[in-house]
2 protein chains.
Amino acid sequence: MDDETAPQKGTVTQRAIERIKAMIGEGRLEPGQRLPTERDLAAQLGISRSSMREAIRALTVLGVLEARHGSGIYVTQLEAGDLLETFGVVADLSRGPRLVELLEIRRILESTATALAAARITGDQLAEVEKHLAAMNATDDPEEILAHDLAFHRVIATAAGNETMAAILEGLSSRTFRARVWRGYQEEGAFARTRREHAAIHRALAAHDPEAARAAAAAHVGEVEMWLRAQLGP
Amino acid sequence: MDDETAPQKGTVTQRAIERIKAMIGEGRLEPGQRLPTERDLAAQLGISRSSMREAIRALTVLGVLEARHGSGIYVTQLEAGDLLETFGVVADLSRGPRLVELLEIRRILESTATALAAARITGDQLAEVEKHLAAMNATDDPEEILAHDLAFHRVIATAAGNETMAAILEGLSSRTFRARVWRGYQEEGAFARTRREHAAIHRALAAHDPEAARAAAAAHVGEVEMWLRAQLGP
DNA sequence: CCAGCAGGGTGGTCGGACCACTATGCGTCC
DNA sequence: GGACGCATAGTGGTCCGACCACCCTGCTGG
């Protein structure tokens, strides 16, 4: 009826992945909607349940589908966070020169995001920034500092009003990534400098000064970037 | 011996994914190296081959592993291109306001990349840019124009010297993404304007003028961004 | 009226079988 | 002796059928 007898390109699993992606792309599957059961889907595409499961698993790790045990398979909201979660994998598996490249990208995006945030940030958001800033300065526990550091930048990225950019920056600041790079950096007594830089960023945000915010954020990330570049050098 | 009897968190497949990712992260699996067979891997982790296959499939779509039928499973070179291929999926499945967000990110990255390229581009690379520019102006076939347009920007991104950024821009300019957005834009007789903008970018590159290049690239992407924003508006 | 339980339906896992493809080595033929 | 070609073992790819773990609904009983 509708099995189309496709031209047999690639593996059946790959074809199944494309078919489902196409269904979503064409709007035949709406975000949040529930898909037919694995068994039905397999039957519809004329493949085995095993192959269909692999296709579903693939789309699951991409953040497109979500499988709920005992309930069914659903299309995610297809929001930036869902789809860009895999961005963290890149950061986690990168080393050497590519870490510098990732930091360079983060510097570019973070400085722009901070500039946008300076223009758009609300009072509530600014208060939250201050909360994390204070918490960061009130403790010496590296774990806690790192957590508030991440939150500090996340609030700023959100305030910039570009959810996609916030999600990418989230990936570029993933826990393991930060742990690997920041640890060595902070061990060199960079606490004081970091606090100064965070304060400068906050000052620019409070003053709603985009250019100052851009410069402060670029300098903040740039410091780490330079340090890492030196580490990898001779 | 080494099955560890893990604390049973999450699905078996999910744990297998993490285990393999960890092996690579710890350096126990080098890029290009061949993994044990599916059957052996499944036995090592004490799971069925089906579950192991799902884990492998997941890491395959993430660009971490590569399965060659009849030969074996290999770790990819873990280069930016391998890992960021999935970025195209985001672009393909995004619509509405998120398309604008993606274009905004592209504008930020592309303008910076073009500025860097202006400072670093070699004679050979500049010649290639000119080749695609000429080819773009010599035809009226939209397909061919699109192909050379993509190549034009790819050469520039490569010349910027940040492979990761080039890979991200590649994803943000994926064929289907461009087709969806550019088509409507070009239909409004924007050919002439596009050619003028491309010429301006090339002029700045040839003059090795980063600031001019940044401005030209930002304007180029910004034009489309503005158009799309207007389309989605009222 | 509500709480608790039982059933059906769903994804998750398993084991085994067979197919399709690749690579290797041995034998044959020039 | 060397090059070619074929047989073969080993690998990923696909399929099947069964069972388990979990969620949800509806019925039952208080």
Side-chain angles (χ1 to χ4, degrees), chain A residues 3-21 23-24 29 31-77 82, chain B residues 3-21 23-24 29-76 82:
Chain A
D3 52 13
E4 309 259 335
T5 58
Q8 286 281 14
K9 61 176 176 181
T11 68
V12 289
T13 303
Q14 198 61 40
R15 266 182 289 156
I17 294 175
E18 298 302 331
R19 288 281 294 266
I20 297 179
K21 263 191 358 193
M23 284 188 209
I24 298 175
L29 290 176
Q33 184 178 340
R34 183 182 150 173
L35 276 69
T37 71
E38 294 180 344
R39 294 162 174 88
D40 288 348
L41 276 174
Q44 280 181 31
L45 300 192
I47 66 179
S48 74
R49 193 185 161 208
S50 314
S51 300
M52 178 53 72
R53 275 189 59 76
E54 283 189 33
I56 293 170
R57 170 70 64 177
L59 290 169
T60 296
V61 302
L62 289 180
V64 176
L65 298 183
E66 179 190 357
R68 299 181 206 158
H69 191 164
S71 173
I73 307 166
Y74 301 81
V75 182
T76 68
Q77 291 305 315
D82 300 327
Chain B
D3 53 14
E4 310 259 337
T5 58
Q8 286 280 16
K9 64 174 178 181
T11 69
V12 179
T13 304
Q14 198 60 38
R15 268 181 288 154
I17 294 175
E18 299 301 332
R19 288 281 295 263
I20 297 179
K21 260 188 3 189
M23 285 189 210
I24 297 175
L29 289 176
E30 295 291 325
Q33 185 178 338
R34 183 184 149 172
L35 275 69
T37 70
E38 295 179 345
R39 295 162 174 86
D40 288 348
L41 276 174
Q44 280 181 31
L45 300 192
I47 66 179
S48 74
R49 193 184 159 210
S50 313
S51 301
M52 177 54 71
R53 275 190 59 76
E54 283 188 33
I56 292 170
R57 170 71 61 179
L59 291 169
T60 295
V61 301
L62 289 180
V64 176
L65 298 182
E66 179 190 356
R68 299 181 205 157
H69 192 166
S71 173
I73 308 166
Y74 301 80
V75 182
T76 68
D82 299 327

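Note that this is a predicted model, so its numbers are computed, not measured. The sequence lines fix the lettering, A, B, ..., with proteins before strands; numbering per chain opens at 1.
The separation between A:Leu35 atom CG and C:dT10 atom C1' is 13 Å, rounded to whole Å. In this entry the distance linking CZ of A:Arg57 with P of C:dC14 reads 12 Å, nearest Å. Summarising the geometry, the separation between CD on A:Gln14 and C1' on D:dG12 is reported as 14 Å, rounded to the nearest angstrom. D:dC19 atom P lies 18 Å from atom CD of A:Glu38, rounded to whole Å. Rounded to whole Å, the distance from CZ on B:Arg15 to P on C:dG12 is 14 Å. What separates CD1 of A:Ile73 from C1' of C:dG11 is a distance of 7 Å, to the nearest Å. Computed from coordinates, the B:Asp40 CG to D:dG12 C1' distance equals 13 Å when rounded to whole Å. Between the CE atom of B:Met52 and the P atom of C:dG12 there is a distance of 17 Å, rounded to whole Å.
Out of D:dG12, D:dG13, D:dA21, the shortest distance to the side chain of A:His69 is found at D:dA21. The side chain of A:Thr37 approaches C:dG11 more closely than any other nucleotide in the set C:dT13, D:dG12, C:dG11. You'll find that the side chain of B:Arg34 is closest to D:dT11, out of D:dT11, D:dC15, D:dG12.
The phosphate of D:dT14 (OP1 or OP2) has a side-chain N or O of A:Thr13 nearer than 4.0 angstrom. Look at B:Ser50 and you won't find any side-chain N or O under 4.0 angstrom from OP1 or OP2 of C:dG12. The side chain of A:Ser71 places no N or O atom within less than 4.0 Å of a non-bridging phosphate oxygen (OP1 or OP2) of D:dC23.
Under 4.0 Å is where a charged nitrogen must lie from a carboxylate oxygen, and between B:Glu54 and B:Arg57 no such pair does.
The two atoms that bring B:Ile17 and B:Ala58 nearest to each other are CD1-CB, 3.6 Å, heavy atoms only. Nearest heavy atoms, B:Pro36 versus B:Gln44: CG-NE2, 4.0 Å.
Mapping A:Arg39 and B:Arg68 onto DNA chain D via the closest heavy atom, the residue that lands nearer the 5' end is B:Arg68. Where A:Gly70 and A:Ala67 meet DNA chain C, the nucleotide closest to each residue was compared, and A:Gly70 sits on the side nearer the 5' end.
The closest side-chain heavy-atom distance from A:Arg19 to A:Leu41 is not below 4.5 Å.
Counting distance only, with no hydrogens placed and no angle test, the side-chain atoms of B:Arg49 and the base atoms of D:dG13 include a donor-acceptor pair under 3.5 Å.
Checking A:Leu45, A:Ile56, A:Thr11, A:Thr13 one by one against A:Ser51, the side chain to side chain contact (heavy atoms under 4.5 Å, CB included) holds for a single residue, A:Thr13.
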